Amino acid sequence: MSDIRLNIDRSIDISINEHELINFVDNVLEIIKLNKNTELSILLTNNAYITTLNSKYRGLNEPTDVLSFSPKFSGKYYGENKESEIEEIYFPTHAQMTNHQLGDIAISIEYIIKKNTTDSKLINYEIKKLLIHGILHLNGHDHEKPKEEKEMLSITNNIIKRLKI
């Protein structure tokens, strides 16, 4: 079983089965054939905190549904006030990093609720879809170009079907 660390902002009033969610992520990692010792951190948070992360690391001062932070792949900075001309964000290599560290995913539960519903089953489904999305980003998949987007959507739908969510 992978090392999946799940942190939930307790100020958000939602019922989440943590054990089920961790098992779900472990199954996703197995489907995409990642090492059984893969390490992944997941944060379920609110709009205020994800806006802070989005602003700092992407230059977008707005809430979003999911952010992925990889020690291997960099992301694009969209803000106007860049400290340099470099468009991509390069995360530092950690001295204690192992080859099994996949990265970090932050999901705004508040964003999901405001966009969709207060139905806990639908919220849990959206969380799972966003976890798949984040994991695929951490594995180098992107959706900047139509071909990439189609491939990422195909992989996502395949995982959803296989796990029957």
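In this text the structure is predicted, and so the values were computed from the model without any measurement. What's counted below: heavy atoms across the whole structure, side chains too, no hydrogens, waters or symmetry copies.
- Note that NZ of Lys56 and CG of Leu67 are 13.0 Å apart. Values are rounded to the nearest 0.5 Å.
- Here the shortest heavy-atom pairing between Asn35 and His100 reads ND2-CE1, 3.1 Å.
- The minimum heavy-atom distance linking Glu62 with Thr51 is given by the pair C-OG1, 3.5 Å.
- Counting heavy atoms from C-beta on, the side chains of Met152 and Glu148 never come closer than 4.5 Å.
- To the nearest 0.5 angstrom, Lys36 atom NZ is 10.0 Å from Lys33 atom NZ.
- Contact record, Ile4 with Asp26: CD1-N, 3.6 Å, taken as the closest heavy-atom pair.
- Ser68 contributes a side-chain N or O that, together with a main-chain N or O of Gly134, makes up a donor-acceptor pair within less than 3.5 Å.
- Applying side chain to side chain contact (heavy atoms under 4.5 Å, CB included) to Ile50 and the options Ile109, Thr45, Ile107 leaves one that passes, Thr45.
- In terms of modelled atom types and a separation under 3.5 Å, the side chain of Asn27 and the main chain of Asn23 share a donor-acceptor contact.
- A continuous path of Ile, Leu, Val, Met, Phe, Trp and Tyr side chains, each step under 4.5 Å between heavy atoms, connects Ile160 with Val25, placing both in one hydrophobic cluster.
- Linking Ile, Leu, Val, Met, Phe, Trp and Tyr whenever their side-chain heavy atoms come within less than 4.5 Å puts Ile12 and Ile127 in one cluster.
- The cluster map of Ile, Leu, Val, Met, Phe, Trp and Tyr, joined by side-chain heavy atoms under 4.5 Å apart, puts Leu153 and Leu136 in different clusters.
- A chain of hydrophobic side-chain contacts below 4.5 Å, direct or via other Ile, Leu, Val, Met, Phe, Trp or Tyr residues, connects Val66 to Ile135.
- With rounding to the nearest 0.5 Å, the separation of CD1 in Ile159 from CD1 in Ile31 is 6.0 Å.
- Closest heavy-atom contact between Gly103 and Pro71: CA-CD, 3.8 Å.
- The minimum heavy-atom distance between Ser41 and Asp104, with the atom names listed, is CB-OD1, 3.1 Å.
- For the atom pair Leu53 CG and Phe69 CZ, the distance stands at 5.0 Å (nearest 0.5 Å).
- Contacts classified as side-chain hydrogen bond (donor to acceptor under 3.5 Å, both in side chains) and involving residues 119-136 (residues at least two apart or in different chains) are given here: Glu20-Lys128, His133-His137, His133-His143.
- A distance of 13.0 Å separates CD1 of Ile155 from NZ of Lys150, quoted to the nearest 0.5 Å.
- By the 4.5 Å heavy-atom criterion applied to side chains, Leu21 and Leu44 are counted as neighbours.
- Remark: Leu34 pairs with Leu29, Ile32, Thr38, Leu102, Asn139 by the side chain to side chain contact (heavy atoms under 4.5 Å, CB included) rule, at least two apart or across chains.
- Cluster annotation: Tyr111 and Ile16 are assigned to distinct hydrophobic clusters (Ile/Leu/Val/Met/Phe/Trp/Tyr, side-chain heavy-atom contacts under 4.5 Å, transitive).
- Rounding to the nearest 0.5 Å places CG of Asn46 at 10.5 Å from CD1 of Ile113.
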